[in-house]
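Report on one structure; see the data block that follows.
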Amino acid sequence: MSTQIPPDWPKTEVEALSLQKEMANKVIETTLEKPVRTLGGLDVAYDEESDELVAALSRFDYPSMQHVASHTSRGKTAFPYIPGLFSFRELPAVLPLFAEQDRALWPDVIICDGHGRIHPRRFGLACHLGVLLDWPVTGCAKNHLCGDWEVPAEPRGSWSPVVMDGETIGAALRTQDGVNPIFVSVGNRVTLEEAIEVVLKASPNYRLPETTRAADAAVRAALAKT
């Protein structure tokens with residue numbers, strides 16, 4: 001488990017691709033070890049006028065979905081803007097959120113505004129964070145990245161698998177009746193079915209989970225103060 005950026009953090013695309021492929025084998029897809037009583041939401045945003053970025057972690061009681069608190073941290077972009085390698089750019093601002101808190105206070109499951117297994121190398125931001133923390137993390141993204149999928153049925157809760165190379169790597173989930181689906185996948189230490197369940201329960205009224213909405217509001221407020 002690590003809440004610090006390793007000293008050998010990749011500096012080039014080749015290094016990052018190599019590390020992604022290696023770390024993808026460390027993702028654990030397994031049932032949650034304990035009942036979920038808290039959920040976290042993670043979001044990252046950039047300051048358009050500098051190389052600074054802000055990360056936010058929201059915390060909610062579960063299943064009541066009562067917002068408890070949101071925390072932010074700032075960092076510098078540590079990697080170029082390369083699609084598929086966003087975790088190397090964003091994690092330097094994300095990890096301090098966890099280093100500053102006792103592990104016992106971390107949310108039981110973290111919903112990351114980004115992909116997990118739905119990724120060309122099966123290792124999106126949610127997977128990278130989950131493996132570094134050795135913690136349950138779910139990927140929950142607004143847009144399709146890779147894999148084949150069919151549009152799920154209209155009712156809330158409907159979902160269809162996202163398949164790549166014959167493997168189900170995630171789900172297109174309808175969180176509200178007739179609203180565009182979002183894309184859910186395993187980050188670490190959770191099953192796809194559990195990931196779908198927590199994301200759906202965290203989205204009682206809107207397309208995106210309340211965890212993501214709160215984290216997004218927190219990063220926007222922090223950037224507005226810059």
Side-chain angles (χ1 to χ4, degrees), residues 2-5 9 38-62 65-103 105-116 118-119 124-130 132-133 135-145 175 179-180 182-185 187-188 195 198-199 202-226:
S2 175
T3 57
Q4 305 293 329
I5 293 297
W9 196 247
T38 57
L39 284 183
L42 183 69
D43 194 19
V44 179
Y46 297 83
D47 181 352
E48 296 180 357
E49 298 180 358
S50 72
D51 61 351
E52 187 176 46
L53 47 82
V54 176
L57 178 67
S58 63
R59 182 182 177 92
F60 283 73
D61 286 334
Y62 182 86
M65 293 310 299
Q66 293 295 312
H67 184 215
V68 177
S70 293
H71 304 279
T72 61
S73 67
R74 294 177 179 268
K76 298 288 186 179
T77 53
F79 195 82
Y81 183 92
I82 301 175
L85 298 175
F86 290 152
S87 64
F88 296 98
R89 186 174 174 87
E90 298 181 352
L91 283 177
V94 169
L95 290 178
L97 291 167
F98 299 91
E100 294 165 0
Q101 295 186 35
D102 187 281
R103 190 176 174 90
L105 298 178
W106 293 359
D108 294 328
V109 177
I110 299 158
I111 299 176
C112 183
D113 183 28
H115 290 286
I118 298 179
H119 185 274
L125 174 63
C127 291
H128 204 158
L129 178 65
L132 285 178
L133 297 181
W135 200 258
V137 181
T138 292
C140 179
K142 307 175 188 71
N143 301 309
H144 172 250
L145 177 62
T175 54
V179 172
N180 288 340
I182 57 177
F183 294 86
V184 178
S185 59
N188 194 45
V198 296
V199 168
S203 312
N205 301 310
Y206 299 96
R207 178 180 179 236
L208 296 179
E210 293 300 316
T211 46
T212 300
R213 287 164 50 80
D216 176 71
V219 294
R220 289 175 183 273
L223 286 174
K225 295 178 181 178
T226 302

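The first residue of the sequence shown is numbered 1, and numbering continues consecutively from there. The model shown is predicted, which means the values in this text are computed figures rather than measured ones.
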- request: Side-chain contact test, heavy atoms from C-beta onward, threshold under 4.5 Å: evaluate it for Phe98 versus Leu129 and give yes or no.
  value: yes

task: Rounded to the nearest 0.5 Å, what's the gap from OG1 on Thr38 to CG on Asp108? Could you check?
output: 3.5 Å

query: Do Leu53 and Val219 touch side chain to side chain, with heavy atoms closer than 4.5 Å?
result: no

field: ring pair (Phe, Tyr, Trp, His ring centres under 6.0 Å) involving Phe86 - partner list, sequence neighbours excluded
entry: Tyr81

message: To check you understand the geometry: which heavy-atom pair defines the closest contact between Ser73 and Leu97, and what is its length?
response: OG-CG, 3.5 Å

query: Where is the tightest heavy-atom contact between Ala222 and Arg74, given as atom of each residue plus distance?
result: O-NH2, 2.8 Å

message: Any heavy-atom pair between the side chains of Asp216 and Arg220 that's under 4.5 Å?
response: yes

- prompt: Listed by chain and number, what are the side-chain contact (heavy atoms from CB on, under 4.5 Å) partners of Ala69, not counting sequence neighbours?
  reply: His71

field: Sub-4.5 Å side-chain heavy-atom contact between Val44 and Leu91
entry: no

query: With sequence neighbours excluded, what pairs up with Asp113 under the side-chain hydrogen bond (donor to acceptor under 3.5 Å, both in side chains) test?
result: Lys142

task: Please identify each residue that fulfils ring pair (Phe, Tyr, Trp, His ring centres under 6.0 Å) with Phe88, with sequence neighbours left out.
output: Trp9, Phe79, His128

query: Which pair of heavy atoms, one from Pro92 and one from Ser87, lies closest together, and at what distance?
result: CD-O, 4.4 Å

field: Atom pair OG1/CG of Thr211 and Leu39 - distance to nearest 0.5 Å
entry: 6.5 Å

query: Which pair of non-hydrogen atoms, one from Ala215 and one from Ala56, has the smallest distance, and what is that distance?
result: O-CB, 3.4 Å

field: ring pair (Phe, Tyr, Trp, His ring centres under 6.0 Å) partners for Phe183, two or more places apart
entry: His144, Trp149

- prompt: Got a second to check how far Phe60's CZ is from Glu210's CD, nearest 0.5 Å?
  reply: 6.0 Å

query: Counting distance only, does the side-chain N/O of His119 pair as donor-acceptor with the main-chain N or O of Gly84 below 3.5 Å?
result: yes

- prompt: Quick one: side-chain hydrogen bond (donor to acceptor under 3.5 Å, both in side chains) partners of Tyr46, sequence neighbours excluded?
  reply: Arg89, Glu90

field: Nearest atoms (heavy-atom pairs only) where Gln101 meets Trp106
entry: O-NE1, 3.5 Å

- request: Find the distance between OG (Ser70) and CG (Leu42) and round it off to the nearest 0.5 Å.
  value: 11.0 Å

message: Between Leu57 and Pro107, is there a side-chain heavy-atom distance shorter than 4.5 Å?
response: yes

Test item: Thr138 side-chain N/O and Ala195 main-chain N/O as donor-acceptor pair under 3.5 Å: no

- prompt: Between CG of Leu145 and OG of Ser185, what distance do you get to the nearest 0.5 Å?
  reply: 9.5 Å

message: Nearest 0.5 angstrom please: Thr212 OG1 to Ile182 CD1, how far?
response: 7.5 Å

Val54 vs Asp47, side-chain contact (heavy atoms from CB on, under 4.5 Å): CA-CA, chis, key distance, verdict: CA-CA 8 Å; Val54 176; Asp47 181 352; over 6 Å; no

